[in-house]
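All residue numbers refer to positions in the sequence shown, counting from 1. All of these numbers come straight from a predicted model, not from anything done at the bench.
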Amino acid sequence: QVQVVESGGGLVQAGGSLRLSCAASGRTFRTYAMGWFRQAPGKEREFVAALSWSGGMTYYADSVRGRFTISRDSAKITVYLQMNSLKPEDTAVYYCAARTTYYSGSYNPPDPGRYNFWGQGTQVTVSS
């Protein structure tokens, strides 16, 4: 049974920082990539950042580049999202997504359909 669990959300003032964590586990879990998406009320889920496991390449949405940093702990199969200079428009439920090596099809980081496991989400609220 594969599990993807996020943590670290909360309430922060504009300009502040938060760090999200996402841990993946499971006997057959072999990581290809992990990423973060977010969904604000009344909006579609959108890509935030992703990291490919073998080469460590990182990908960011334009809206967060320079403010957010994605990183990993390979031994723990954990990915982090360091969020700095937070803005009220960053308020959303943040979801962690994982893609295993045995998932078919090409990898396109911003496409949520390219990930086969998802966490339950963690709320991030940025007050003005």
- Query: About how many Å separate NZ of Lys76 and SG of Cys22, when rounded to the nearest 0.5 Å?
  - Reply: 14.0 Å
- What one should report as the nearest heavy-atom pair of Ala33 and Ser52 is CB-CA, 4.1 Å
- Taking C-beta and beyond as the side chain, do Ser25 and Ile77 meet within less than 4.5 Å on heavy atoms? no
- Can you tell me if CD on Gln120 sees more than 12 non-hydrogen neighbours from other groups inside 6.0 Å? no
- Going from OH on Tyr102 to CZ on Arg30, what distance comes out if it is rounded to the nearest 0.5 angstrom? 9.0 Å
- Cation-pi, Tyr107 ring and Arg99 (6.0 angstrom, 45 degrees): no
- Scan residues 34-88 for pairs that pass ring pair (Phe, Tyr, Trp, His ring centres under 6.0 Å), counting only residues two or more places apart or in two chains. Phe37-Phe47, Phe37-Tyr115, Phe37-Trp118
- Task: Take Thr78 and Asp73 through the side chain to side chain donor-acceptor pair (under 3.5 Å) test and state the conclusion after the steps.
- Result: CA-CA 5 Å; Thr78 298; Asp73 183 330; over 6 Å; no
- Message: I'd like to know if the side chain of Asn108 reaches the main chain of Arg114, judged simply by a donor and an acceptor atom lying under 3.5 Å from each other, with no hydrogens or angles considered.
- Response: no
- Considering non-hydrogen atoms only, spot the tightest contact between Arg72 and Gly56 and give its length. NH2-CA, 3.9 Å
- Can you tell me how far CD of Gln82 sits from CG of Leu18, rounded to the nearest 0.5 angstrom? 8.5 Å
- Item | Hphob cluster co-occupancy, Val48 + Tyr95, side-chain heavy atoms under 4.5 angstrom | no
- Message: I need the minimum non-hydrogen distance between Val79 and Cys96, along with the two atoms involved.
- Response: CG1-SG, 4.1 Å
- Item | Glu46: salt bridge (charged side-chain N to carboxylate O under 4.0 Å, His left out) partners, not counting sequence neighbours | Arg38
- Take atom CD of Gln123 as the centre, draw a 6.0 Å sphere, and report whether it contains more than 12 heavy atoms from other residues, nucleotides or ligands. yes
- Looking at Gly9 and Val124, what are the two nearest heavy atoms and their distance? CA-CG2, 4.2 Å
- Message: So, taking the atom named OG1 in Thr100 and the one named CG in Asn116, what distance separates them when rounded to the nearest 0.5 Å?
- Response: 3.5 Å
- Message: Could you check whether Tyr103 and Tyr32 have their ring centres less than 6.0 Å apart?
- Response: no
- Query: Backbone N or O of Ser127 within a donor-acceptor pair of the Gln13 side chain at under 3.5 Å?
  - Reply: no
- Item | Backbone N/O of Tyr94 and side chain of Thr122: donor-acceptor pair under 3.5 Å | no
- Lys87 and Asp90: salt bridge (charged side-chain N to carboxylate O under 4.0 Å, His left out), yes or no, with the steps? CA-CA 5 Å; Lys87 305 174 182 180; Asp90 294 318; over 6 Å; no
- Query: Hey, does the side chain of Ser128 reach the backbone of Pro88 with a donor-acceptor pair shorter than 3.5 angstrom?
  - Reply: no
- Item | hydrophobic_cluster_shared for Val93 and Leu81, side chain cutoff 4.5 Å | no
- Message: To check you understand the geometry: which heavy-atom pair defines the closest contact between Thr101 and Thr31, and what is its length?
- Response: CG2-O, 3.6 Å
- Side-chain contact, heavy-atom cut-off 4.5 Å: Leu20 with Glu6? no
